[in-house]
**Q** 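Quick one: the structure is below, and I'll ask about it shortly.
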Amino acid sequence: MFASNHVNHCATVWKQYIAYLVGFLFLTVSFSCLSATPPYKIGLALWTGYPDSLEGFKAGLAENGIDLSRDVIFLPSEISSNRDVQIDVAKGFAQEKVDLVYSLTTPGTVIVKENLPITTPIVFSIVTYPADSGLIESFSYSGNNLVGTSNYIPLKHYVSLIFDLAPKTKKVAIFHREGEPNSKIQTTNLIRLLKRSNIAAVDVAVKDVEEVSRKATALASDVDLYISTTDTLMQNGGEEALIAVSKEVKIPILTSNKSGIHKGSTFGPVSDFYQLGKMSGKKAAQILLTDIKPTQLESSLQEQPIILINAESAKLMGIPLDAENNNKYQFYQ
């Protein structure tokens with residue numbers, strides 16, 4: 001009886017081992033180039049658009065061995081920040097059995113990750129906190145089928161710019177979308193850093209564009225500077241509403257939204273979405289053309305942000321621009 005039980009136990013253990021081995025081999029082969037041959041099908045989950053990012057992504061593919069006219073089929077999707085729409089987009093990519101997905105923004109990439117097989121590589125960009133938001137384990141090792149680029153700007157640049165361009169600032173208002181994890185993390189960390197520099201901060205959580213206008217107007221007599229975060233609300237109408245109030249009450253805006261500065265925000269350290277997209281395109285090419293897996297690549301940041309100033313807004317706000325330091329900045333006229 002003992003011998004029989006022992007044999008049965010050994011057989012069970014052996015079967016489990018074989019099952020684990022088969023599963024491991026399946027995942028390994030699924031991520032390899034054996035499952036992807038040209039023309040490669042790439043799903044484009046672009047959230048609300050970001051044409052500079054897509055242009056850079058395609059350039060990164062082309063510069064790293066992908067012939068865009070022959071080797072790839074791009075599957076476009078509906079441009080929308082609606083969650084249900086993006087779930088349908090992701091499920092459509094799964095049905096199409098795409099070879100890779102290029103996904104933008106944190107909320108968009110969360111949806112793509114949740115609705116695609118773990119064997120489908122996902123290359124992301126414009127994700128501010130990919131590790132803190134749970135998309136990957138760390139920049140050096142994703143631990144899953146994701147890898148990409150982050151538009152995170154070290155917050156030290158915010159503080160140094162306040163001292164350089166708005167040195168009389170004693171209190172700021174930081175606007176971010178209510179419930180969005182990226183911008184909440186950004187706001188919390190920035191408040192902590194500003195406090196060390198004896199600058200008070202108001203955490204302004206907003207649900208929609210109208211609330212941005214209303215709260216900015218209400219705070220105008222109490223703060224010296226508005227700060228806009230890099231979330232989807234502020235990038236898609238929220239910052240424009242803030243700009244309108246800013247011009248009326250003559251309070252400058254510090255932001256890392258490049259398009260916001262083009263539209264009238266005053267100054268800020270910005271990421272180049274084209275360059276970030278290009279960096280992501282290189283990672284995608286490596287995945288498609290070789291045996292390399294997302295876990296073998298590192299997610300990355302733009303090395304040095306651009307310090308961008310809207311010259312007209314700076315003049316309106318009475319910000320003196322020292323000619324000797326102008327070489328540190330880029331100006332949008």
Side-chain angles (χ1 to χ4, degrees), residues 47-50 79-83 86 104-108 126-129 133 151-153 155 157-158 161-162 165-166 169-194 199-271 273 308-310 312-314 316-317 319 332:
W47 196 244
T48 52
Y50 301 98
I79 301 300
S80 174
S81 60
N82 181 280
R83 177 176 173 80
Q86 292 303 325
L104 300 183
T105 78
T106 301
I126 316 182
V127 173
T128 313
Y129 296 93
S133 62
N151 60 321
Y152 172 73
I153 300 289
L155 297 179
H157 295 292
Y158 284 68
L161 276 176
I162 291 173
L165 299 176
T169 298
K170 300 297 181 185
K171 191 174 185 179
V172 305
I174 306 174
F175 291 79
H176 65 96
R177 176 174 234 151
E178 184 175 315
E180 185 160 319
N182 266 357
S183 56
K184 181 59 180 176
I185 294 168
Q186 185 181 9
T187 299
T188 301
N189 290 341
L190 185 53
I191 289 173
R192 187 180 300 117
L193 194 59
L194 289 168
I199 297 174
V202 181
D203 182 337
V204 188
V206 289
K207 296 178 181 178
D208 52 41
V209 171
E210 290 74 18
E211 194 170 10
V212 173
S213 297
R214 188 168 64 253
K215 290 191 173 182
T217 301
L219 286 165
S221 62
D222 193 39
V223 300
D224 308 301
L225 179 72
Y226 294 138
I227 297 179
S228 174
T229 55
T230 52
D231 63 36
T232 53
L233 173 61
M234 298 309 294
Q235 289 177 352
N236 292 282
E239 192 156 323
E240 290 179 67
L242 192 60
I243 290 166
V245 177
S246 165
K247 289 180 177 179
E248 182 178 344
V249 300
K250 303 296 189 294
I251 293 177
I253 300 172
L254 168 57
T255 182
S256 285
N257 295 320
K258 185 177 181 180
S259 63
I261 296 177
H262 287 177
K263 293 173 182 176
S265 288
T266 316
F267 60 88
V270 300
S271 292
F273 288 172
L308 186 62
I309 297 175
N310 184 302
E312 183 180 340
S313 176
L316 179 65
M317 302 302 161
I319 296 176
Y332 181 79

**Q** Is there a side-chain contact between Leu254 and Phe267, using heavy atoms and a 4.5 Å cut-off?
**A**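 The answer is yes, as the side chains (C-beta and beyond) meet within the 4.5 Å cut-off.
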**Q** I'd like to know if the side chain of Glu312 and the backbone of Gly264 have a donor-acceptor N/O pair within less than 3.5 Å.
**A**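 Flag not set: sc Glu312 to bb Gly264 has no pair under 3.5 Å.
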**Q** Mind listing the closest non-hydrogen atom pair of Pro269 and Leu161 along with its distance?
**A**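 Heavy atoms only, the tightest pair is CD-CD1, 3.5 Å.
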**Q** Kindly compute the distance separating CG (Asp224) from CD1 (Ile199), expressed to the nearest 0.5 Å.
**A**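 Result: 9.0 Å between the selected atoms.
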**Q** Indicate whether any N or O donor in one side chain lies under 3.5 Å from an N or O acceptor in the other, for Tyr158 and Ser256.
**A**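 Distance-only check passes for Tyr158 and Ser256.
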**Q** CD/Glu239 to CD1/Ile253 distance, rounded to the nearest 0.5 angstrom?
**A**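 Going from the CD atom of Glu239 to the CD1 atom of Ile253 covers 6.0 Å.
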**Q** Tell me if a side-chain donor or acceptor on Thr128 pairs with a main-chain N or O of Tyr152 at a distance below 3.5 Å.
**A**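 Such a contact is absent between Thr128 side chain and Tyr152 backbone.
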**Q** Look at the aromatic rings of Phe175 and Tyr226 and report parallel, tilted or perpendicular, splitting at 30° and 60°.
**A**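 Phe175 and Tyr226: perpendicular rings.
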**Q** Mind checking the OG1-CD spacing from Thr105 to Gln86? Nearest 0.5 Å is all I need.
**A**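 With rounding to 0.5 Å, OG1 (Thr105) is 7.5 Å from CD (Gln86).
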**Q** Asn189: what forms a side-chain contact (heavy atoms from CB on, under 4.5 Å) with it, not counting sequence neighbours?
**A**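 For Asn189 the side-chain contact (heavy atoms from CB on, under 4.5 Å) partners, ignoring immediate neighbours, are Tyr129, Leu155, Ile185, Arg192.
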**Q** Could you check whether any side-chain N or O of Thr106 sits under 3.5 Å from a backbone N or O of Val127, counting only pairs where one atom can act as donor and the other as acceptor?
**A**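 Checked: no pair found.
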**Q** Hey, could you give me the CD/CG distance between Gln235 and Asn257, rounded to the nearest 0.5 Å?
**A**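 So the CD of Gln235 and the CG of Asn257 are separated by 4.5 Å.
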**Q** Is the shortest side-chain heavy-atom distance between Pro252 and Leu316 below 4.5 Å?
**A**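 A side-chain contact is absent here, since even the closest heavy-atom pair is not under 4.5 Å.
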**Q** Which pair of non-hydrogen atoms, one from Gly268 and one from Ile261, has the smallest distance, and what is that distance?
**A**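 Closest pair (atom of Gly268, atom of Ile261, distance): N-CD1, 3.6 Å.
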**Q** Answer yes or no: is there a side-chain heavy-atom contact under 4.5 Å between Met234 and Val212?
**A**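 In contact.
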**Q** Heavy atoms, side chains only, cut-off 4.5 Å: are Thr229 and Ile174 in contact?
**A**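 The answer is yes; the side chains approach within 4.5 Å.
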**Q** Within the supplied structure, the quantity of interest is the number of heavy atoms (other residues, nucleotides, ligands) at a distance under 6.0 Å from Glu248 CD; does it exceed 12?
**A**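 No - once you tally the heavy atoms of other residues, nucleotides and ligands closer than 6.0 Å, there are 12 at most.
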**Q** Might you point out which heavy atoms bring Ile309 and Ala314 nearest each other, and give the distance in Å?
**A**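 Closest approach of Ile309 to Ala314: CG2-CB, 4.0 Å.
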**Q** Do the side chains of Asp203 and His176 get nearer than 4.5 Å, heavy atoms only?
**A**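 Yes, side chains in contact.
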**Q** Do Ser265 and Leu242 touch side chain to side chain, with heavy atoms closer than 4.5 Å?
**A**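 SC-SC contact between Ser265 and Leu242 ruled out.
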**Q** Applying side-chain contact (heavy atoms from CB on, under 4.5 Å) to Ile251 and Val223, what does each step give before you reach the verdict?
**A** CA-CA 8 Å; Ile251 293 177; Val223 300; 4.3 Å; yes
**Q** Is the backbone N or O of Arg177 less than 3.5 Å from a side-chain atom of Asp231, with the two atoms forming a donor-acceptor pair by type?
**A**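 It does hold such a pair.
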**Q** What's the shortest heavy-atom distance between Thr266 and Ser313, and which atoms?
**A**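 Residues Thr266 and Ser313, closest heavy atoms: OG1-OG, 3.0 Å.
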**Q** If you compare all heavy atoms of Ala220 against all heavy atoms of Val249, which two are closest, and at what distance to 0.1 Å?
**A**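 Closest heavy-atom pair between Ala220 and Val249: CB-CG1, 3.9 Å.
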**Q** Answer yes or no: is there a side-chain heavy-atom contact under 4.5 Å between Leu194 and Ile162?
**A**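 Side chain of Leu194 against side chain of Ile162, heavy atoms only: contact under 4.5 Å found.
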**Q** Please report the interatomic distance CG(Leu190) to CD1(Ile227), rounded to the nearest 0.5 Å.
**A**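 Answer for the CG-CD1 pair, Leu190 versus Ile227, is 5.0 Å.
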**Q** Answer yes or no: is there a side-chain heavy-atom contact under 4.5 Å between Ser246 and Met317?
**A**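 Contact flag for Ser246/Met317 side chains = yes.
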**Q** So how far is it from Arg214 CZ to Leu219 CG, rounded to the nearest 0.5 Å?
**A**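 The distance works out to 11.5 Å.
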**Q** Looking at every non-hydrogen atom in both residues, tell me the closest pair between Ile79 and Thr48 and how far apart they are.
**A**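 Closest approach of Ile79 to Thr48: CG2-C, 3.1 Å.
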